Amino acid sequence: MIQTLKQWLAGYKAEETPSESIQRKTAELQKGPLPRHVAMIMDGNGRWAKKRGLPRIAGHRAGMQTVCDIIRAADDLGIEVLTLYSFSTENWKRPKEEINYLMGLPEEFLKMYLNEIMERNIHVRMLGQEEGLPGHTVNALHRLKEATKDNTGLELCFAMNYGSRSEILRAVERIIDDVKSGKMDKSQLNESLFSSYLFTANLPEPDLMIRTSGEVRISNFMLWQLAYSELCFTEVQWPDFSRERFYQAIEDFQRRSRRYGAV
Ligand SMILES: CCc1cc(N2CCCCCC2)n2ncc(-c3ccc(F)cc3)c2n1
């Protein structure tokens with residue numbers, strides 16, 4: 001308990017240079033097929049804190065450290081796109097003080113990690129609706145997007161104020177408008193064109209989706225995009241997730257034969 005509190009109070013670890021064993025493991029995984037796009041539902045932060053007698057926000061704070069560990073791991077591996085489900089449209093039902101804390105995390109991330117994001121040439125993108133987010137949160141997102149707009153490395157997507165069903169409805173509304181205005185003809189509509197109306201336009205679909213903390217549900221996350229994705233559900237709670245466990249999920253992905261619905 002004391003140790004956990006010390007860890008929480010100590011805040012974020014400075015960047016660790018990957019040890020030799022991590023470098024070896026990274027090189028080993030790079031020999032096999034890597035997922036181009038990994039999408040993650042970062043679940044279990046509140047339960048992690050509750051189990052330790054800490055406030056829920058302690059779980060979110062610890063979870064932020066895991067966010068950075070996994071960004072480093074994905075970047076070191078050469079994953080092209082990493083999408084992190086940070087805040088769903090359903091999360092607005094949470095207690096006000098928890099929402100206020102969560103809405104400050106993009107700024108926290110910006111302050112703590114922008115230098116490393118730039119050193120790693122990472123491009124930051126937001127998936128979701130800015131409407132409804134506090135101004136300070138939107139400002140932090142805009143600053144991250146602006147600072148990284150010319151970066152060509154890992155595409156880091158934060159799904160924020162995101163819900164897949166509303167994303168699909170928004171796409172349908174925009175397609176109807178474009179047909180009515182003559183911008184497109186109904187006969188042109190196909191899966192590829194529909195995908196271009198989603199927040200994930202121009203991104204490859206996730207090859208692998210990982211959800212932590214034992215829930216075996218998709219929870220209104222990328223419903224259209226995950227049609228052919230490998231799904232990985234782990235009991236580990238997000239704050240306890242790590243580079244090692246991420247690598248284990250990638251190893252599992254490499255072992256699976258991928259059939260895309262064919263025999
Ligand atoms: C707004 C909700 C939220 C929650 C959250 N958690 C809480 C939930 C899961 C655990 C991780 C910590 N994180 N972690 C990073 C961000 C973040 C978002 C956008 C951005 F541009 C930079 C960082 C974040 N955002």
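In each ligand, atom 1 is the first atom listed, and ligand 1 is the first ligand listed. This is a predicted model, so every value here is computed, not measured.
Pairs passing the ring pair (Phe, Tyr, Trp, His ring centres under 6.0 Å) check and including a residue from residues 178-213, sequence neighbours excluded, read F194-W224.
Protein residues having at least one heavy atom under 4.0 Å from any atom of ligand 1 are M42, N45, H60, G63, M64, V67, S86, F87, L102, L105, P106, F109, L141, L144, F158, M160, W238, listed by chain and number.
With sequence neighbours excluded, the residues forming a side-chain hydrogen bond (donor to acceptor under 3.5 Å, both in side chains) with S219 are R211, listed by chain and number. With sequence neighbours excluded, no residue forms a ring-ring contact (aromatic ring centres under 6.0 Å, His included) with Y247.
Taking the six-membered ring for Trp and thresholds of 30 and 60 degrees, F109 and Y113 have ring planes inclined between 30 and 60 degrees apart.
Side-chain heavy atoms closer than 4.5 Å link hydrophobic residues (I, L, V, M, F, W, Y) into clusters, and following such links, possibly through other members, connects I79 to V67.
With salt bridges taken as basic N to acidic carboxylate O contacts below 4.0 Å, one links R61 and E108.
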